[in-house]
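Heads up: the structure comes next, in structure tokens.
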Amino acid sequence: MILRYASFGPRSLPGLRAPSSFVRPVLTPRCQPRWIPKPTLRAWESTTTGEGKTGHIDAAPNEAILWIDNLFPLKLSGLLRVPWKSPDQDLSELMKRFENSTLGVLDPINMVKRAIPKTAPVKVTEILPRLKDGGAFVKFTYPADASVKEIEAIVTRSLQENPVRPFFSPWRGVQAGLVQGIPWLEDLHRFPKDRLRVEFVPKNPGEEAVELSQETLYSLFRRYGKIAEITSQPWDSKVLPRYAYVDFASVRDAILARNCLHGFVVPEELGGGKLGTRLRMSYEQRARPHRIWEWISNHPRIVIPVIVALLTGLTVIIFDPIRSFFVKAHVTHKFRLSNSRLYRWLRKQTSDILLFRREKAEQAGLNTVWTHRKDLIDQIQKWLMETAETFIVVQGPRGSGKKELVLEQALKGRSNVLVIDCKPIVEARGESATIKQMASAVGYRPIFSYANSISSMVDLAVQSTTGVKAGFSETLESQLQKILQTTAGALTEIGVSNRTKNDPDASLPVDAYLEAHPEKRPVVVIDNFLHKGDTNTIVYDKISEWAAALVQSNVAHVIFLTNDSSYSKPLSKALPDRVFRQAALGDLSPEVAKRFVLSHISTAEEQPETTEEDSSDGSEKQPKPPVLPDLSELDECIGTLGGRLTDLEFLARRLKAGQNPRQAIAEITEQSASEILKMFLLPGKTTDDGEHKWSVEQAWYLVKSLSSSDALRYNEVLLHGTFATSTSAPDPESALEGLANAELITVKTNNGRPGVITAGKPVYQAAFKLLARDPVLAAKMDLAVLGELAKVEAKTIEKVEAELALLGGLPKQPSQVGGRVAYLLSKLESSQKKIDAYEKEMGGLKKVLGTEY
């Protein structure tokens with residue numbers, strides 16, 4: 001018969017307990033046990049933590065406790081985490097609400113009634129539900145002639161014959177077990193697990209405990225459920241008290257074992273020692289085996305390449321279409337504001353306001369040049385209409401108008417034009433900056449240039465730890481190759497973007513269609529090719545190889561713009577079996593140069609300026625009369641200045657400012673002389689700086705020689721002592737090549753070989769003469785040249801003397817060495833005479849430096 005009970009819902013955290021008139025025995029001074037009665041408690045004053053919230057259940061004589069399992073779902077244990085609700089308050093409210101109600105079929109107390117058969121000689125006195133453990137403690141009294149083992153057997157047999165299954169667990173019924181220890185009714189946030197930590201503590205403080213064997217633990221715990229594993233404490237562990245792990249196959253079995261055996265004293269006959277050993281149990285999370293992760297971490301040589309391949313494939317799938325879209329938008333200028341109809345209309349309506357006189361003058365001057373070069377423009381346009389798997393190379397000195405001629409004239413009206421400027425790419429510092437500049441030139445985005453250095457460090461760390469290279473980092477060559485390949489794919493799509501299904505050639509493959517329609521191919525213009533060609537050659541190699549692939553597969557036309565006359569070497573490596581289509585741009589003839597300057601001036605005269613005073617008042621603006629320069633000396637000045645386009649524009653601007661031609665030429669010449677002095681003749685401009693292959697003495701020799709002659713023989717310069725025997729720049733041909741790349745000189749070829757050396761620009765001829773007429777500068781530089789030559793002769797004398805000393809040390813002088821000795825003596829005499837002459841000339845130069853300012 002159940003005396004007190006209640007129904008429980010999801011929020012019923014505590015349990016029920018009937019009032020008890022006995023408590024735990026207390027020892028008197030005479031060591032005689034007696035039972036102290038306690039005041040009767042109302043049922044709703046019960047708590048979930050035992051009598052007086054001590055965490056234990058009191059049992060009087062002839063009383064025992066059963067643990068009824070599987071009454072509540074374990075998932076409801078999370079409600080104990082709610083911090084603002086007290087379980088005791090919930091219990092009191094629950095008791096007041098359900099004290100007189102009838103029991104339902106799904107009520108947990110009904111399942112307790114059904115679990116305890118009527119044939120069992122028990123009288124239930126108290127029920128303490130444990131929502132966290134999913135069951136309840138049932139305290140009962142029994143007759144003196146009955147045994148608790150028999151009562152447990154009756155309840156267990158009844159549950160086997162007539163199972164009680166809750167609605168939330170149709171496969172596992174309610175189970176019961178006799179509580180043999182002292183259960184701990186704690187309300188801590190410790191939730192059931194399938195692993196029990198069993199600690200072996202002494203029965204009383206100060207006594208010794210015995211560590212139970214696995215066999216003993218198995219015999220004690222196996223009755224409560226299937227045991228998966230028993231793990232003893234390592235023998236060398238210093239952790240006290242000693243413990244063992246008991247892993248159950250089910251969490252419910254672990255709950256049943258803990259609530260029944262917690263605090264149980266193992267007697268001596270069961271292996272608990274003479275004084276007995278108490279079992280103290282707690283739940284512990286079992287470390288789940290991560291077999292997949294263990295396999296991954298144990299096989300880095302297989303996993304890392306697979307991860308790299310997956311990341312690469314993911315990058316290709318996600319980012320390549322985005323990058324291809326941006327490249328196409330960059331080439332076609334699809335999203336550029338200047339291509340919108342509104343912008344073009346506004347520019348047309350406000351052209352007179354927005355277009356300044358300076359722009360009109362420059363455009364008028366360029367029209368004169370384009371008229372002169374009309375044949376060259378037509379030739380380039382014809383090449384673009386032909387199907388030829390080769391390059392178009394436009395070569396000319398800096399300032400000759402190559403870029404303007406190609407982009408503004410030959411490609412005028414074409415929309416699909418890609419311009420790649422090699423100058424910022426080559427001048428970029430570091431691989432990340434080079435990749436960023438290359439991507440910006442073709443519109444390749446998004447680009448993660450910083451990721452290359454990070455991936456390099458990750459690759460180095462993985463290689464140092466695992467011994468295998470991960471492959472995360474990519475070289476500069478592979479990065480450039482990836483950018484250029486994406487650009488080539490975008491150019492192919494642009495070439496066939498206007499093809500429709502109704503075209504007669506719609507069925508042709510892409511390469512065959514582009515071969516049949518060369519006018520629909522995009523045009524790639526590579527500007528400043530071989531700029532600083534001796535540095536960062538990998539960029540030029542990759543660009544030339546990529547350009548060769550474009551023209552060979554008929555994807556696009558490629559036009560190279562270069563200042564270097566030796567462009568055929570790198571281009572021939574990429575396209576060895578083709579003849580390039582070359583267009584050379586030189587200086588303008590004197591007649592065309594004169595018309596260019598006059599067109600600038602005449603356009604300026606047509607646009608009179610207004611004074612500030614006239615524009616300040618409200619009267620009508622009066623035009624200011626133009627200032628007409630004196631052009632009587634223009635022919636002579638143009639002959640001095642030459643036909644370089646940039647120099648002619650500079651002259652025209654000075655003439656428009658009111659200067660006469662002679663003054664303008666004088667200032668331009670002085671400015672050029674200052675540039676030459678700063679760039680080539682100042683101390684420190686030698687091979688020691690790592691950027692130049694020539695010396696100051698070699699540059700001065702060319703300046704002085706070209707000041708008195710318009711051209712020099714190439715081989716004659718190489719044989720001169722400043723080049724042939726130089727100690728600071730021992731490679732004479734590399735020195736001349738470096739000076740030609742720096743545009744101090746121009747090396748002209750004859751039958752494919754270098755033959756003539758001239759000034760880098762026509763105006764440099766006058767600047768050389770100006771520098772040579774400076775006595776102090778000439779004396780200083782000649783002194784440096786003579787000092788260099790004297791050092792060379794001194795080294796020659798030193799070698800001769802060393803060889804003569806070697807020959808003189810022979811014990812006998814054979815007759816065969818006589819000719820050698822005579823040759824060495826004559827060479828010694830010749831070198832000494834040269835040193836004497838150099839010293840004499842150097843003395844005169846020192847006097848000039850000491851007297852002139």
Side-chain angles (χ1 to χ4, degrees), residues 534 680-706 708 712-740 742 744-745 754 757 772 775-850:
D534 54 344
F680 301 98
L681 302 181
L682 287 181
K685 296 296 183 180
T686 61
T687 55
D688 295 337
D689 58 10
E691 297 182 1
H692 306 90
K693 299 178 181 179
W694 41 266
S695 64
V696 174
E697 294 79 12
Q698 292 171 342
W700 171 250
Y701 170 76
L702 293 174
V703 168
K704 185 177 180 181
S705 301
L706 290 173
S708 57
L712 300 176
R713 299 181 182 86
Y714 183 84
N715 293 317
E716 183 181 359
V717 173
L718 292 179
L719 295 176
H720 191 268
T722 310
F723 286 87
T725 59
S726 175
T727 57
S728 55
D731 190 354
E733 293 190 2
S734 297
L736 289 176
E737 183 180 358
L739 291 170
L744 177 67
I745 59 173
I757 296 176
V776 177
L777 177 63
K780 180 181 178 182
M781 300 310 300
D782 288 340
L783 187 62
V785 172
L786 293 175
E788 178 76 12
L789 295 176
K791 290 180 181 178
V792 173
E793 298 300 331
K795 288 186 177 181
T796 302
I797 292 176
E798 184 179 355
K799 293 180 181 179
V800 170
E801 290 177 346
E803 188 172 354
L804 288 174
L806 180 62
L807 294 176
L810 296 176
K812 292 183 180 181
Q813 296 296 328
S815 59
Q816 290 82 359
V817 300
R820 182 62 180 176
V821 171
Y823 168 76
L824 293 175
L825 292 176
S826 62
K827 192 172 183 179
L828 178 62
E829 181 182 6
S830 175
S831 298
Q832 184 60 41
K833 288 181 179 180
K834 289 181 182 180
I835 292 177
D836 293 340
Y838 294 155
E839 292 288 344
K840 183 178 180 180
E841 191 174 354
M842 290 168 63
L845 296 175
K846 291 179 181 179
K847 289 181 181 180
V848 174
L849 294 176

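For reference, positions follow the sequence shown, starting with 1.
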Taking every non-hydrogen atom, the tightest pair across [X] and [Y]:
X: L681; Y: V696; value: O-CG1, 3.6 Å
X: P775; Y: V848; value: O-CG1, 4.1 Å
X: L718; Y: A724; value: O-CB, 3.4 Å
X: A779; Y: L849; value: CB-CD2, 3.9 Å
X: V800; Y: L824; value: CG1-O, 3.4 Å

#### Entry: Under 3.5 Å: donor-acceptor pair, side chain of S826, backbone of Y823
yes
Give, for atom [atom1] of [X] and atom [atom2] of [Y], the distance between the pair rounded to the nearest 0.5 Å.
X: S705; Y: W700; atom1: OG; atom2: CH2; value: 9.5 Å
X: I745; Y: I757; atom1: CD1; atom2: CD1; value: 4.5 Å
X: M842; Y: L786; atom1: CE; atom2: CG; value: 6.0 Å
X: T725; Y: H720; atom1: OG1; atom2: NE2; value: 9.0 Å
X: K834; Y: E793; atom1: NZ; atom2: CD; value: 4.5 Å

For Y714 and L736, what are the C-alpha separation, side-chain angles and deciding distance, and is it a side chain to side chain contact (heavy atoms under 4.5 Å, CB included)?
CA-CA 9 Å; Y714 183 84; L736 289 176; 3.5 Å; yes
Exercise. Take K704 and D782, measure what side chain to side chain contact (heavy atoms under 4.5 Å, CB included) needs, and give me the verdict at the end.
Key: CA-CA 9 Å; K704 185 177 180 181; D782 288 340; 3.1 Å; yes
TODO: Flag the pair E803 and K799 as a salt bridge only when some basic side-chain nitrogen lies within less than 4.0 angstrom of an acidic carboxylate oxygen.
DONE: no
Mutual orientation of the aromatic rings belonging to Y701 and F723 [parallel < 30°, tilted 30-60°, perpendicular > 60°]
perpendicular
> Step by step, would you call S726 with Q698 a side chain to side chain contact (heavy atoms under 4.5 Å, CB included)?
Replying inline: CA-CA 9 Å; S726 175; Q698 292 171 342; 3.6 Å; yes
Exercise for the section: Decide yes or no on side chain to side chain contact (heavy atoms under 4.5 Å, CB included) for I797 and Q832, but give the supporting numbers first. Expected result: CA-CA 8 Å; I797 292 176; Q832 184 60 41; 3.6 Å; yes
